[in-house]
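Structure first, commentary second.
Everything numeric here is computed off the predicted structure, so don't read it as measured data. Order of listing sets the numbers, starting from 1, for every ligand and every atom in it.
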Amino acid sequence: MSTFDTIDDLPADSRVLVRLDLNSPIEDGEPQDNRRFERHAETVRELADAGHRVVLMAHQGRPGRDDFTSLAGHADILADHVGRDVAFVADTYGDDALEAIDALRAGEVLLLENTRMCDDELPEASPAEKAETAFVQTLAPHFDAYVNDAYSAAHRKHASLVGFPLVLPAYAGRVMETEYEANTAIATREFDGPVTMVVGGTKATDVIGVMDALDEKVDRFLLGGVAGELFLRAAGHPVGHDVGGMDLFDEQWERNRELIESVLDERGDAIRLATDLAYEGPDGGRAEVAVDEIDEKTDGYLDVGSETVADYEQPIRESDAVFVKGALGVFEDERFADGTVGALEAIAETDCFSVVGGGDTSRAIEMYGLDEGDFSHVSIAGGAYIRALTGEPLPAVEVLEAAAAGQ
Ligand SMILES: Nc1ncnc2c1ncn2[C@@H]1O[C@H](COP(=O)(O)OP(=O)(O)O)[C@@H](O)[C@H]1O
Ligand SMILES: O=C(OP(=O)(O)O)[C@H](O)COP(=O)(O)O
């Protein structure tokens with residue numbers, strides 16, 4: 001059971017400041033619809049239908065990355081899911097934002113600009129420090145309550161996630177409630193047979209530390225994506241480097257090199273790495289190469305190869321539980337979807353307990369016509385859900401709990 005207050009406890013006619021997680025894949029500069037919009041729309045609709053004035057905060061990407069954009073397009077997608085207008089103001093806490101907030105009427109919804117465009121948001125700091133920032137101090141007097149629905153960002157100590165509960169009455173939204181309960185229950189669940197984790201995606205830094213901490217819970221890891229290539233690099237193969245303008249590998253390698261080497265050393269028996277990889281061939285199609293035959297760092301690899309896909313199916317079929325965190329390849333491009341879809345299909349065909357996590361990864365389920373009902377839980381969280389599996393506290397959840405306990 002959760003130990004925080006929820007939107008059921010909100011006083012009537014409140015001016016509510018709501019933190020969502022609408023962080024999405026960006027294609028050609030535009031956010032792509034995904035499960036996060038659909039799930040958060042439930043909270044937003046409920047608050048607006050109840051007659052509250054609803055102001056939304058969310059982030060997109062990180063400064064310096066290609067996916068760091070305005071939230072203007074997010075407002076339109078969210079409006080379609082909510083079934084109400086969602087106004088947008090290109091400001092976080094300046095005069096334009098405050099004017100739009102104060103002009104809002106009962107039942108109206110307004111989305112503020114990307115929180116990460118504000119300098120106070122990102123540097124990780126304690127809730128007390130974040131509560132003192134100009135961002136929090138300027139916005140808070142315009143509201144009666146703060147609602148956090150962003151479970152999937154709850155592992156970050158950012159101002160919009162941990163600062164407001166110290167200065168406003170704080171509540172959990174519906175996504176926060178359901179994800180918290182599902183993931184906490186998974187963390188304490190025991191399994192009789194083998195437990196497998198499929199690890200991929202781009203945020204290798206988020207998963208590698210957790211792999212170490214999941215030592216007792218997970219019997220084998222099947223690797224792909226960026227983390228998989230970094231492990232292959234640690235095993236001596238010339239892959240997992242930034243080539244052709246990529247910036248996914250070298251910085252994460254420097255940051256995690258020692259940990260990767262020690263995880264490989266201590267848990268090598270439990271870790272399966274790709275034996276072949278796929279890349280874009282000279283004719284523009286999918287080409288594959290055996291990992292042992294790669295002798296220079298020339299190509300960028302975009303998926304695990306077909307031998308690896310077949311190799312990973314067997315351990316999945318033998319498992320009592322399978323956890324997925326991150327895609328095995330760039331599944332958004334059909335040519336490089338085999339690894340991700342192959343793993344998801346194998347999971348769907350078995351009756352093991354299964355969780356698919358990640359805002360991006362869970363999108364593969366509908367893109368490739370898989371049935372959500374074939375998985376025990378599809379989480380819109382990635383990093384937060386795997387941290388929850390280790391039993392590690394989530395700072396944004398802790399502040400909600402402390403607020404409810406009157407601390
Ligand atoms: N080899 C790869 N190179 C580049 N991107 C990859 C690779 N493998 C997987 N990806 C990308 O990883 C993304 C998912 O990454 P991540 O953000 O870590 O997971 P999630 O959003 O599911 O938590 C997918 O959108 C996919 O395109
Ligand atoms: O998408 C997110 O995390 P996820 O990719 O682990 O699901 C969250 O929005 C956190 O974003 P961040 O990893 O840029 O801090």
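Listed by number with element, the atoms of ligand 1 under 4.0 angstrom from any heavy atom of A327 are 8 (N), 9 (C). Within ligand 1, the atoms closer than 4.0 Å to a non-hydrogen atom of T361 are 19 (O), 20 (P), 22 (O), numbered from 1 in the order shown. Numbered from 1 in the order shown, with element, the atoms of ligand 1 that lie under 4.0 Å from a heavy atom of E229 read 1 (N). Listed by atom number, the atoms of ligand 2 under 4.0 Å from R116 heavy atoms are 11 (O), 12 (P), 14 (O), 15 (O). Residue contact check: G201 has heavy atoms under 4.0 Å from atoms 12 (O), 14 (C), 15 (O), 16 (P), 18 (O) of ligand 1. Within the listing of ligand 1, atoms 1 (N), 2 (C), 3 (N) sit less than 4.0 angstrom from a heavy atom of Y301. Of all atoms in ligand 2, listed by their number and element, those nearer than 4.0 Å to a heavy atom of G383 are 4 (P), 6 (O). Per-residue contacts place K203 under 4.0 angstrom from the following atoms of ligand 1 (heavy atoms of the residue considered): 17 (O), 18 (O).
Residue-level proximity to ligand 1 for L248 is carried by the side chain, the only part with a heavy atom below 4.0 angstrom.
One side chain, N183 or E179, offers a donor N or O that lies under 3.5 Å from an acceptor on the other. A donor-acceptor contact under 3.5 angstrom links the side chains of H142 and D102, judged on distance only. Under the 3.5 Å distance criterion, with hydrogens and angles disregarded, a donor-acceptor pair is assigned to the side chains of H74 and Q60. Remark: the S319 side chain and the R220 side chain contain an N/O donor-acceptor pair separated by less than 3.5 Å. Judged by distance alone, the side chains of Q32 and S24 never bring a donor and an acceptor atom under 3.5 Å apart. Using a 3.5 Å distance cut-off with no hydrogens or angles, the side chains of R19 and H59 do pair a donor with an acceptor.
With respect to atom 10 (C) of ligand 2, the closest heavy atom belonging to the protein is H59 NE2, 3.9 Å. The closest protein non-hydrogen atom to atom 10 (N) of ligand 1 is G329 O, 3.8 Å. For atom 6 (C) of ligand 1, the nearest non-hydrogen atom of the protein is V330 CG2, 3.5 Å. Summary of contacts: the protein heavy atom closest to atom 8 (C) of ligand 2 is D21 OD2, 3.2 Å. Looking only at protein heavy atoms, the nearest one to atom 24 (C) of ligand 1 is E332 OE2, 3.4 Å. From the protein, the heavy atom lying nearest to atom 23 (O) of ligand 1 is K325 NZ, 2.9 Å.
Between T202 and ligand 1, an N or O atom pair is found at a separation short of 3.5 Å. For ligand 2, the polar-atom distance check finds an N/O of G382 within less than 3.5 Å of one of the ligand's N/O atoms. Residue R36 places at least one N or O, backbone or side chain, under 3.5 Å from an N or O of ligand 2.
Ring centroids of Y301 and F336 are separated by 6.0 Å or more, keeping the two rings apart.
Residue D276 is tested with I294, D303, V289, T308 for a side-chain contact (heavy atoms from CB on, under 4.5 Å); the sole match is T308. W253 pairs with exactly one of R255, R257, E251 by the side-chain contact (heavy atoms from CB on, under 4.5 Å) rule, that one being R257.
Taking each of R156, K203, H158 in turn, the one with a heavy atom nearest to atom 4 (P) of ligand 2 proves to be K203.
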- request: Assess whether salt bridge (charged side-chain N to carboxylate O under 4.0 Å, His left out) is satisfied between R286 and D333, documenting all intermediate values.
  value: CA-CA 10 Å; R286 177 185 170 105; D333 182 330; over 6 Å; no

- request: Start with the C-alpha gap between F4 and Y180, add the side-chain angles, then the distance that decides, and say whether ring-ring contact (aromatic ring centres under 6.0 Å, His included) holds.
  value: CA-CA 11 Å; F4 36 63; Y180 174 86; 5.1 Å; yes

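With N114 contributing its side chain and L71 its backbone, the two residues share no donor-acceptor pair below 3.5 Å.
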